[in-house]
Amino acid sequence: MPSKPLVVGNWKMNHDYVEALHLTQQIGVVLKNKSREHVEIAVAPPSVDLRSVSSIIESERIPISLAAQHVSMFDNGAHTGEISVAMLKRLGVKSVIVGHSERRSMYGQTDDIVASTAQTAARGGLEVLLCCGENLDARDAGEHFSFVSNQIALALDGFEKKNLELLTIAYEPIWAIGTGRTANSEQVAEMMAHIRLELNSRGMSDTRVLYGGSVTGENAAELLTSGQAGGFLVGGASLKVESFMAIVEAVDDCYAKNR
Ligand code: PEP
């Protein structure tokens with residue numbers, strides 16, 4: 001494992017700002033009772049919650065960072081409905097999810113848009129959680145490695161070398177997202193190795209590679225050790241404090257034992 005594992009909770013379009021505040025406070029209470037020093041934690045609330053979550057993280061000194069679920073590929077201007085990197089930075093946002101399969105499939109985020117968004121975010125100083133992962137057809141056809149390589153190549157095309165350290169890759173096979181069907185640890189391990197080879201060939205040997213797809217407190221340790229994941233991007237299980245902190249706890253214990 002190149003660095004401390006990272007666990008990111010992607011709340012998607014769940015929790016209004018009151019619920020988001022409550023969940024953030026609950027996470028803070030758990031971490032106050034038992035600190036988790038072997039894991040980095042981030043939460044990605046809906047955009048309208050970022051201001052309140054940011055304030056509570058700061059005022060209660062909760063040791064987690066703030067991620068956004070989306071950012072515009074443009075710096076500013078006439079882009080109705082969009083949010084800029086500068087706006088996110090002003091709110092204390094540290095990182096942003098780019099290229100999530102839900103945005104690719106439901107909101108027309110093409111590989112070109114993913115690449116431009118990643119570049120804009122990094123240029124403005126945000127860390128980029130770049131998602132990749134094959135659909136079931138590609139997996140069944142045995143084309144999952146080339147599918148993911150291609151996504152990474154297209155996303156990194158034109159990415160400024162000096163910003164590469166701002167990148168984290170999240171491997172999220174689409175067939176495992178929100179389905180309860182987790183990739184098994186061999187499938188994760190072989191994809192982690194494949195992605196690391198790709199990254200090494202670009203001089204990115206220190207880049208973290210996360211796994212995402214139906215991660216729970218029960219499967220997290222196995223996916224971290226046998227699966228060799230560098231942490232997790234968590235959807236469904238991040239919506240409740242118990243299930244999210246069960247993953248954090250499993251990762252923290254596991255990293256403390258195996259490092
Ligand atoms: C995700 O959407 O990034 C995700 C991993 O979701 P889930 O954990 O619910 O599969």
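Computed from a prediction, not measured in an experiment: that's the story for all the values here. Note that ligands are numbered from 1 as they come in the structure, with each ligand's atoms numbered from 1 the same way.
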How far is atom 1 (C) of ligand 1 from its nearest protein heavy atom, and which residue and atom is that? His100 NE2, 3.3 Å
With a cut-off of 4.0 Å, which atoms of ligand 1 are near a heavy atom of Gly213? 5 (C), 10 (O)
Atom 4 (C) of ligand 1: which protein heavy atom is closest, and how many Å away? Gly235 N, 3.6 Å
Is Asp253 salt-bridged to Arg36, going by a charged N under 4.0 Å from an acidic O? yes
Is there a side-chain contact between Pro45 and His15 (heavy atoms, below 4.5 Å)? no
Within the structure, does Leu233 bring an N/O atom to less than 3.5 angstrom of an N/O atom in ligand 1? no
Is Lys162 salt-bridged to Glu160, cutoff N-O under 4.0 Å? yes
Do Glu127 and Arg208 meet the salt-bridge criterion of a basic N to acidic O distance under 4.0 Å? no
Out of curiosity, is Ala176 lining ligand 1, as in a heavy atom under 4.0 Å away? yes
What protein heavy atom sits nearest atom 9 (O) of ligand 1, and how far away is it? Gly236 N, 2.8 Å
Polar-atom distance check: Val234 versus ligand 1, any N or O pair below 3.5 Å? no
Pair Glu40 + Lys4: basic N to acidic O under 4.0 Å: no
Hey, is Gly178 one of the residues with a heavy atom under 4.0 angstrom from ligand 1? yes
With no hydrogens and no angle check, do the side chains of Asn76 and Ser84 hold a donor and an acceptor under 3.5 Å apart? no
Identified side chain to side chain contact (heavy atoms under 4.5 Å, CB included) partner of Pro46 from the options His70, Met13, Gln69: Gln69
Closest to atom 2 (O) of ligand 1 among Lys12, Glu172, Glu102 (heavy-atom distance): Lys12
